[in-house]
Amino acid sequence: MVEDIGENTQSENTADIMVVDDNPANLHLLSTMLRSKGYKIRPVPAGGLALRAAASCPPDLILLDISMPDMDGYEVCERLKADDRLKDIPVIFISALQETFDRVKAFSRGGVDYVTKPFQFEEVEARISTHLRLRRLQRELEHRNEELTDSFQRLKALEEMRAALTDMIVHDMRAPLTAILGYLDLVLADDCGLPDTTRRFLRTAHESSKMLTEMASTLLDVSRMESGEMPLDLRSCDLYALVLECLDSMRVLVEQKSIRPQLDGGVTEIMCDEELIRRVIVNLLHNALKYTPRGGAIQIRVESPEQRGARVSVTDSGCGIPEQFHARIFEKFGQVEARRHGHTYSSGLGLAFCRLAIQAHGGVIGVQSEPGKGSCFWFEIPSQAGRLTVESVPEAGQASSRS
Ligand code: ADP
């Protein structure tokens, strides 16, 4: 908080002021007048001397005569401003009324103000105290800026520690989760006459462990992709065939929803990391199924726009997404308010994973959606997949004109 703007502080009243003038009468007059106001005054009769005195002990403010024989005030000021240690000292020029005083030159050399001889003492003092106050406020701002920078650096370090700790915990969670999954698999596979209710409970436990394991893996992958530590295994792959495989793996879910997904397009070969893109497609299909009511429609299109790169879009007739969430859902843990969908569980990691995976290929991902009408999620991968840098990729969530 910057306080005390309207009043002189103790330190301003006792400020160290250097008065530089070759005229002994002026020097005496100014010094006496300012000392009577409590300032600590250093009278200096020449420009060169003033520079040396300022360098050995920088004053809080300098009153500088323009016309001096050895070095004029403009040059003294210019040299002060060229010295890092002295450049912030406010310089007020002293000029005589009858002198030709070049104000533009005075300000361009770094002067902050000027006073004219014969002096109006109240005016001189008012200008001095104003510039001392401005200098004090400037120092306070610099100090607070440094404090903010320090706090920001500390927060950044803490955030990095937090992220590393989360990764470690999530990583260590995976081993026991895999063991739980494995034992549940074994129990469920063995038809050892378990009562139906127990079997049902075990299946639910199995589903939940699977979900947790997948979530832990996605969280780790998102972290690795964010830090650029996930290398791409680029191979030629037909995205049309990949979508068919993904649909096949989701057959049970599709049948449960009484939805007949429609697949359009044709063979679309592209260089990509097949496993990553498979997970992107599964995520998009899974979401389309999750947010589309029974008997709704899902349409998938795989194409190569203008024979360059590949484009996959998944359009559903689900609940849709309000525009203000279009960018947020691609962020980590970004979700549309849970109440809107009435779904019990959602981690908000799936689309963040998709965005990072597509960006790692130098591609773009986005959505077009209207509440009540449905959504179209799409992504494009350039033919030189992975060549573009992540920085050059436009933000996710933007609408595509070609959708
Ligand atoms: P999760 O993995 O938890 O489903 P996602 O990152 O995949 O999270 O999705 C983020 C949010 O985007 C979801 O919680 C949901 O609100 C919204 N969303 C994603 N896909 C669709 C869709 N096809 N229709 C409606 N809302 C969707």
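For ligands, and for the atoms within them, numbers begin at 1 and follow the listed sequence. Remember, predicted model here, so these are calculated numbers, not experimental data.
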Quiz item: Is it the case that H361 and D273 place a side-chain donor and acceptor less than 3.5 Å from each other?
Solution: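 Side-chain D/A pair, H361 to D273: absent.
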
Quiz item: Hey, looking at atom 20 (N) of ligand 1, which of N287, T292, I329, L289 has the closest heavy atom?
Solution: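 Ranked by closest heavy atom to atom 20 (N) of ligand 1, first place is N287.
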
Quiz prompt | For atom 27 (C) of ligand 1, the option (of V336, I321, V367) bearing the nearest heavy atom | solution =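 Checking each option, the heavy atom nearest atom 27 (C) of ligand 1 is found in I321.
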
Quiz item: Does K105 pair with D72 as a salt bridge, N-O distance under 4.0 Å?
Solution: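 Salt bridge: no.
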
Practice problem: Determine, for E147 against R144, whether the closest basic-nitrogen to carboxylate-oxygen distance falls under 4.0 angstrom. | Solution: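 R144 and E147: not salt-bridged.
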
Self-check item: Within-4.5 Å side-chain heavy-atom neighbours: I94 and L30
Solution: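 Answer yes - side chains close enough.
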
Self-check item: Non-hydrogen side-chain atoms of S129 and K37 separated by less than 4.5 Å
Solution: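 No, every pair of side-chain atoms sits at 4.5 Å or beyond.
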
Exercise. Evaluate the side-chain contact (heavy atoms from CB on, under 4.5 Å) criterion for residues W378 and T315: first the C-alpha distance (whole Å), next the side-chain angles of each, then the deciding distance (0.1 Å), finally the verdict.
Key: CA-CA 8 Å; W378 56 268; T315 310; over 6 Å; no

Below 4.0 angstrom from a heavy atom of [X], which ligand 1 atoms are there? Numbered from 1 as shown, please.
X	value
F377	19 (C), 20 (N), 21 (C), 22 (C), 23 (N)
S375	24 (N)
K290	4 (O)

Below 3.5 Å, N or O to N or O, backbone or side chain included: is there any such pair between [X] and ligand 1?
X	value
G348	yes
G320	no
A352	no

Quiz prompt | Residue portion contacting ligand 1 (non-hydrogen atoms closer than 4.0 Å) for L349 | solution =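 Answer for L349: backbone.
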
Practice problem: Find the distance between CZ (R133) and CD (Q138) and round it off to the nearest 0.5 Å. | Solution: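 Rounded to the nearest 0.5 Å, the CZ-CD separation comes to 15.0 Å.
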
